[in-house]
Structures are given as structure tokens and as C-alpha cells.
Amino acid sequence: MRVSVSFFSYFQDLTGCAQTTEALAEGSRLDDLYRRIVGRFPKLAPLEKSTLLAVGVDYQPRDYVLRDGDEVSLFPPVQGG
Amino acid sequence: MRVSVSFFSYFQDLTGCAQTTEALAEGSRLDDLYRRIVGRFPKLAPLEKSTLLAVGVDYQPRDYVLRDGDEVSLFPPVQGG
Amino acid sequence: MRRELTLTSEPIDEAAWLAQRPMPAGMGAVVCFLGVVRDTEAGAAIRALEYEAFRKMAEHQFHRLFDEMEKRWPIASVRVVHRLGVVNVSEPSLWVEIVAPHRGEAFAACQWLIDEMKRVVPIWKRPVFQRAGARPRRSRRSA
Amino acid sequence: MRRELTLTSEPIDEAAWLAQRPMPAGMGAVVCFLGVVRDTEAGAAIRALEYEAFRKMAEHQFHRLFDEMEKRWPIASVRVVHRLGVVNVSEPSLWVEIVAPHRGEAFAACQWLIDEMKRVVPIWKRPVFQRAGARPRRSRRSA
């Protein structure tokens, strides 16, 4: 299955892109995807603890089971206001 | 010595007046004046616990020593806003 | 700290106050509160509230509170407008504005000021009922 | 509960929002908060902040917060305006208004909403410095 991955704020600077896609085995979890992404973009690794993960428009835990076509987002702590 | 006494809000209804004066012995305290006033206007007596007492523009305790010409005010709990 | 206190029998023109807001550099937060006359008082339908003040003492007590605010929080500006006389239902009777560097102190100061005002500032209100004939009594010592 | 959310690159026109305030009968309190861009960020002088949003998710998260507010407090109306793009120093980036029966719930809800927004709503800011040549980067995904 394939999922899209979007980056926001300075994560775009660290990855050099706004969006990418990943092919994953069925049953993969959000954490599996995160490991894959950090492998491709090692600059994200030191920020793991503060990284926020969303699928669609909702935050999801690392054990969330991904589905084909999911739109995943990775971003740093939010700073609105 | 003489002090003036003003009433505000429904204390004016209970006393039937907005202002009066009292003659007191030198060294009289605010509580002495209060007793005198309650004697003249017994309808104030049941409200003693919630009655607020000011001299000039400041609240004062019952043991405040009055001076000639003091402007004393008696009123119920305030309700601004 | 800039301070401005207005006790008035005129309607509160929020937009006009807002247009004159002092906004020094470095200020990041404005909190405004508007108290509006509700259509019931102790369960009974009312038409208005009539506010009465011991004006000289009310002004003094407000300024004492402003002094205390200034000690407690790094506030740039406080502005207070309180209506006196008859204020109809749905009209504002109180407008408070705090300008401060951060929202924490702006919210804290605004709430503190309103709480303290309701404890010490000699202003009173009486309901004006909807029944014909129940016209507001002319306050002997209002505004 | 009425709710209105606006994410916009236009300046926040406080007076215009105020003129359209929904004020149902029985409401006694309005609390407004204005967040203004301060002239320093982490100690450095700045010219502006540039706000970026993941707009679809930001809207969803705001509405989740509104749902929660509605469960917690008897609020008549919540209105939120958040600027996106470049917001100059001294301009407001956020405006929040709560209309409720009493001030306690209006203050509580307003502060809660801002705190929660800063925790979950995907909006980010970056400083725009005063140095020549330090022009704001064009956000790839800004609103």
C-alpha cells in the first residue's frame, strides 16, 4: 500500500520537501512509517520526542494501523496565536 | 464633635434619608457612631453583618477613631458590574 | 501603567474605545470584558438595571485597585468604563480592557479587577421591572 | 452554540467583528482576547511573524475544541480569527471572542480555548527579522 507524507513548518527545511510518498506492507503502523521517514531524512531523528504525527486531520498514536491512501503529516510542536 | 452620615442604595429607603449628622463625644469610634445610627434607624439593625462602613473614600474598621467633620458612609454590599 | 476610568450615564461605545487603545511596543495581549445587563434578575424578568454610585469613593477605590494591579502585573494599560443610571437589558454596563505583554497576566489582571471591583467599589444596582408603573426611582445620589 | 472560525491573510478588523456580535437574550458576559505580534522573538528584534497553517487540519482541530467547549460551558457564541502569512509587529494575529451568560465561564472558556489551540491546532510561526535581505521565505504550504 502507499501513503502520502506531508511535512510542515521547519520540517520542510529539514527534509527539503513538502510531501513524499512511501510504499509499506499491509498492516504497517504509523511508527513503521515514522522509522522509514527518519531513515530517509536523518535530520528529523533528533526531533523525535517533539514530533507530532497526524493521519488525515487527526492526531494518531504510533501504533495506529495505516491503510492504503492515508495522508500522514509530520510536524514540529504547533505555535499558533 | 459632629460627623456627617450618608446612606447609599436601599439604606436610603430604610432610613428615609440620604444624609444626616450626629454629634459625638471626642474619641468616639466608628462603632459608637454605628450604634447611634442603628438606634435612630432600627431597620438597619438586621443588616449589621453585611453593612459596609467608610470614612471619606476609604473603608474603616469599627475601632476607627472619628474626628470632627468626618464624612461617614453606610451602605449595603456593593454590586457593580 | 496607563489608566483610564470613566463612570458615565452615556451608552458604552465599544468601537470608540477600541479605536483609542494605547498599544505600546512589546505588548502582546489585550483582554476585554463586557458585562451586559441580562433579561432576568433573581428569576424575574426585568427591563433594565439602575446603577447608583458613591462616585468619589468609587473613583478612589478603582484607583486603589489600579495601584495594586500595577504592583502585581507588568500591565501597560487598564481602561474601565462603568455605566450609571438606567441601563436597558442587552446593553453593556461595564467594559474593562487590559493591555499587557502576555496573555497570562492580561487574563489574571482582568479577572482580578472585576472580582475586586465587585467587592469594594461602591456601586449598586436595582432592577427595573417590566410592569407598567414600576418606573425606576430617581436615585437621590446617583452619578 | 454559535461558532465562527476564520483563518485569513487579511488584517483582523476588530471593529467589524464587534459590530456583528451575536448577543442572544440572557447573555451577560463577553470576553475578547487579542494576540498581538510583539517586537521581539526569543530576545531578537523582529519585523513580523510569518504564520503557516495545515489549514484543513487546523479547521478540524478548532471545531473539535468548539465541540468540547460546548460540552463544558453554557456558551452562546465563540468566534475565532487567526491570521496566516506575514503579520507585522503590533498587528493582531489572533482574535477570540466568547459570549456567555456569566463572566466565570466566559473567562474560563476563552483561556482554555487559547491554551488548547496552542497545543493542538497546526499553525506555526517563524520570525521575520529586520535585517535587510532577511525577507520572509515563501511558505510552500501556507494558506
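In what follows, chains carry the letters A, B, and so on, assigned in the order in which the sequence lines appear, proteins first and then strands, with residues in each chain numbered from 1. Since the structure is predicted, the reported quantities are computational estimates derived from the model, not experimental observations.
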Option in Ala25(C), Gly26(C), Ala15(C) with maximal non-hydrogen atom pairs under 4.5 Å from chain D: Gly26(C)
Under 4.5 Å heavy-atom distance to chain C, tell me which part of Pro101(D) shows up: side chain, backbone, both or neither. both
Has the side chain of Arg2(D) got a donor or acceptor atom that lies under 3.5 Å from a matching backbone atom of Pro22(D)? no
Just wondering, more than 12 heavy atoms not from Arg38(C) lying within 6.0 Å of its CZ? yes
Derivation and outcome, salt bridge (Lys or Arg N to Asp or Glu O under 4.0 Å), residues Arg55(C) and Glu59(C): CA-CA 6 Å; Arg55(C) 182 188 274 268; Glu59(C) 289 171 348; 3.4 Å; yes
Under 30°, 30 to 60°, or over 60°: which ring-plane class applies to Trp73(D) and Trp112(D), parallel, tilted or perpendicular? perpendicular
Report the option among Ala106(D), Ala29(D), Ala19(D) that has the most heavy-atom pairs separated by less than 4.5 Å from atoms of chain C.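 Max contact count across the listed options: Ala29(D).
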